[in-house]
2 protein chains.
Amino acid sequence: MSQLPNQPTEGPVPTSADVARLAGVSRATVSYVLNNNASVRISEPTRRRVREAATELGYVPHAAARSLRAGHTRMVLLPTMNFPAGPLHHRFFHQLESGLRRLDYTVVQYGSTGLDADDAPRAWAELRPVAVIAPGTIALTPQGISVLRRSGAKAVITLGPRPVDGAHALVMDQREVGSCATGHLLERGRRRIGVVMPEESGLGLFAEPRLAGARQAALSHGARIEPLPLRYEEESAARLAARWRTMGLDAVFAYNDEYAMLLMRALQDAGIEVPRETAVVGADDLMLGRLLRPRLSSVRMELATPQPLADLVDRLVQHPGGAPECHDLLRARAVHRESS
Amino acid sequence: MSQLPNQPTEGPVPTSADVARLAGVSRATVSYVLNNNASVRISEPTRRRVREAATELGYVPHAAARSLRAGHTRMVLLPTMNFPAGPLHHRFFHQLESGLRRLDYTVVQYGSTGLDADDAPRAWAELRPVAVIAPGTIALTPQGISVLRRSGAKAVITLGPRPVDGAHALVMDQREVGSCATGHLLERGRRRIGVVMPEESGLGLFAEPRLAGARQAALSHGARIEPLPLRYEEESAARLAARWRTMGLDAVFAYNDEYAMLLMRALQDAGIEVPRETAVVGADDLMLGRLLRPRLSSVRMELATPQPLADLVDRLVQHPGGAPECHDLLRARAVHRESS
DNA sequence: TTGAAAGCGATACCAA
DNA sequence: TTGGTATCGCTTTCAA
């Protein structure tokens, strides 16, 4: 049986001094024992007394006091984005966090919506994180980076569609997705390609580079690329479908599978045959796309394993001050089904 | 023009003592000025000199030192769940966080996967949060709650399908979803109702109460409830559909819209007519369900606005020690479309 | 109006 | 093997 603390009532929070008093030793000894300090030899009976006193009081060390004394933290701060992450990102962050915890870092997400580009880094800096990994959806200015640096952050890393000056970058280059989808359509003989641009705010950060990638891929084939603004609503899709034939497109890259499903339904309802008249390609390779008829072609994305990234953070923390590195994390490949 | 800091180079982190030195005042004065301490009057020229010195050095206060001195933090800690939150939860958390920040709390998410039920609360307690809001996907034992309490947490709140002893509870009672879906099917004359139980781990926490709710609703009508294990894969759905007619069901509540779409497709492929032979109801009311033919009936869920919750936290922090409160956040209602 | 100094909790050096 | 003590950065009381 684990020994339950005796006083579940409100009271002052026990400190190492309380443990020391109860164990009949000094605070120094308590510290040695509880941190398994190898450079000092403490007798086994003393160790036991200290440990028992600690559990009896329900002692938990005070991270703030410790890091104040140490002069640094082991906190890695991840500002959170202001919109839902897909399962892909989610798994990535989850594994990254596990990897960092294995390296003995404390990983903390800090919701930063509503803070502007200057306030946010200040707020983060107050916690004195040793590393910051900021998603691309968070604006990170050179000033912000500088604030973090001088507050003691050894590693400032951006994680998003494109690198940011002065920080290390983990790039998930969305152009790759656009060029991959477009390449697939080109291969299948399509030359007049629409590219859905979601009108929902926040998605532009991903949509723009995907469009750019599509343009780039189309260039060599002399294909036409036509941006198609679309809201994630049936009426918006119906309007787009109604004027579809006037646009003379033979294919569409629909930003992702959800927009693709929305648009494909609207096209079918408007009597446009998929894929004969218009090919449709999504992205994300959701299970649901496979349930449509025709089954939805898609772009499957894969992220690099996060462990090397965790190691990178650790390396930067231990040897700060190298030149900014830039790693590409995103791999995309087209998955042909029936809609293209 | 905002004054850019002059030394972007590595160096010691500036402290209030540095600011004091540069401004030619004492550390006390710096503290008074930067915290707008009203109980003490500082001359305007001095204030200006202090502020200028602070921005010149890029001074950022040290949260750990401050809270060590103050004897308490204003940190609200949200242990993060180990699986992706839907847009509903996501919006809720986001708004909750904003509400808390308005009340001047620092909101921090702490990824806790891989920590067991004893270690996790200890790890949280090291940060000395003034409040902890733990999702139901995190096991929170009475011991864990006790550890948090004695580490100074004024408010320990669980947020999930069911309350936990000794903590305040924000309940999102999933039984409501099950009984709502089942009630809808009963109203439409169905009496032999299958309930999809996802086999993916972690979902049981939601699926079980939904099943219980379905059972409860069926009771008064003498209807039959049949749990149907299902993996989120086409083959699993196809197998279930293949033996569908042997089970004699006239309706199915498919856990959520995604499982519903998967199963409905499999049923249709197996020649079973929806809704004539079998009615299908999902949950979440996703846009995508409206794109199917027949359009998917669903259960729309709504969460209470988070602002009262933020206020609750604030109240508990200021006046700790009331009896555990229990608030119901989830509202569900059936949305009839064509599949039922 | 400003400054000196105590003290929050934990750690590590130096003495004993 | 153990204890005393200075120290980290900041706030606040008390004194000037």
Side-chain angles (χ1 to χ4, degrees), chain A residues 12-51 53-54 57-75 106 125-128 130 150-152, chain B residues 11-50 53-54 57-75 122 125-128 130 150-152:
Chain A
V13 181
T15 72
S16 73
D18 297 318
V19 177
R21 204 156 19 242
L22 183 58
V25 298
S26 74
R27 281 150 72 226
T29 307
V30 171
S31 176
Y32 293 141
V33 171
L34 296 183
N35 294 315
N36 288 312
N37 191 323
S39 72
V40 100
R41 308 217 58 79
I42 306 278
S43 70
E44 199 45 51
T46 305
R47 305 184 93 87
R48 255 215 0 260
R49 285 215 319 284
V50 169
R51 279 197 242 274
L57 293 175
Y59 170 72
V60 175
H62 192 307
R66 172 180 294 172
S67 65
L68 182 58
R69 170 62 227 236
H72 61 261
T73 69
R74 286 189 69 81
M75 179 186 292
T106 297
E126 293 195 356
L127 299 178
R128 296 289 189 273
V130 71
R150 63 170 3 104
S151 81
Chain B
V13 181
T15 72
S16 73
D18 296 319
V19 176
R21 202 154 24 242
L22 183 57
V25 299
S26 75
R27 280 150 66 224
T29 306
V30 171
S31 176
Y32 293 143
V33 171
L34 296 184
N35 294 315
N36 288 314
N37 191 323
S39 73
V40 99
R41 307 220 62 79
I42 306 277
S43 68
E44 198 47 50
T46 305
R47 304 184 94 89
R48 255 214 0 260
R49 284 215 320 285
V50 169
L57 293 174
Y59 170 71
V60 175
H62 192 306
R66 170 179 295 171
S67 64
L68 183 58
R69 169 64 222 229
H72 60 261
T73 69
R74 286 189 69 81
M75 179 186 293
R122 265 188 66 93
E126 294 195 356
L127 299 178
R128 296 290 190 271
V130 72
R150 64 169 2 103
S151 81

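The sequence lines fix the lettering, A, B, ..., with proteins before strands; numbering per chain opens at 1.
- A:R69 comes within contact range of at least one nucleobase, with a heavy-atom separation under 4.0 Å.
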B:R66 and B:N35: CA distance, side-chain angles, deciding distance, side chain to side chain contact (heavy atoms under 4.5 Å, CB included) verdict: CA-CA 11 Å; B:R66 170 179 295 171; B:N35 294 315; 3.6 Å; yes
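- No side-chain heavy atom of B:S43 sits under 4.5 Å from any side-chain heavy atom of B:R48.
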Begin with the C-alpha distance, continue with both residues' side-chain angles, and end with the deciding distance and a verdict on side chain to side chain contact (heavy atoms under 4.5 Å, CB included) for A:H62 and B:L68. CA-CA 9 Å; A:H62 192 307; B:L68 183 58; 4.2 Å; yes
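- A:A17 and A:R27 make their closest contact through CA-CG, 3.5 Å (heavy atoms, listed as atom of the first residue, atom of the second, distance).
- B:T15 approaches B:Y59 most closely through the heavy-atom pair C-CE1, 3.5 Å.
- Note on A:T29: a side-chain N or O is less than 4.0 Å away from OP1 or OP2 of D:dG3.
- For the pair A:S26 and A:G71, both in contact range of DNA chain D, the more 5′-proximal nearest nucleotide belongs to A:S26.
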Does the pair A:V50 and A:R47 meet the rule for a side chain to side chain contact (heavy atoms under 4.5 Å, CB included), with working shown? CA-CA 5 Å; A:V50 169; A:R47 305 184 93 87; 5.9 Å; no
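- Between chain A and DNA chain C, the heavy-atom contact criterion of under 4.0 Å yields a 5' to 3' nucleotide range of C:dG9 to C:dC13.
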At a cut-off of 3.5 Å, list every protein nitrogen or oxygen paired with a nitrogen or oxygen from nucleotides 13-16 of chain D, distance to 0.1 Å.
| from | atom 1 | to | atom 2 | distance (Å) |
| --- | --- | --- | --- | --- |
| D:dT13 | O4 | B:Y32 | OH | 2.8 |

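- Side chain of A:T73 to backbone of A:R128: a donor-acceptor contact under 3.5 angstrom is found.
- The backbone N or O of A:T29 lies less than 3.5 Å from a partner atom in the side chain of A:S26, making a donor-acceptor pair.
- When each of B:V60 and A:R27 is assigned the nucleotide of DNA chain D with its nearest heavy atom, A:R27 is the one assigned upstream, toward the 5' end.
- Looking only at distances, no side-chain donor or acceptor of B:R150 sits under 3.5 Å from a matching main-chain atom of A:V60.
- For residues 36-49 of chain A, proximity to DNA chain C is found at no residue, defined as any non-hydrogen atom under 4.0 angstrom from a strand atom.
- Remark: the backbone N or O of B:A23 is paired with a side-chain donor or acceptor of B:R49 at under 3.5 angstrom.
- Remark on DNA chain C: of its neighbouring residues B:L68 and B:G24, the 5'-side contact belongs to B:G24, judged by nearest-heavy-atom nucleotide.
- Counting to the nearest Å, the C1' atom of D:dT2 and the CG atom of A:N35 are 16 Å from each other.
- In this structure, A:A63 and B:L127 approach most closely via the heavy-atom pair CB-CD2, 4.1 Å.
- Nucleotides of DNA chain C nearest to A:P61 and B:V25 differ in position, and the one nearer the 5' end is that of B:V25.
- Rounded to a whole Å, the CD atom of A:E126 is 13 Å from the C1' atom of D:dG9.
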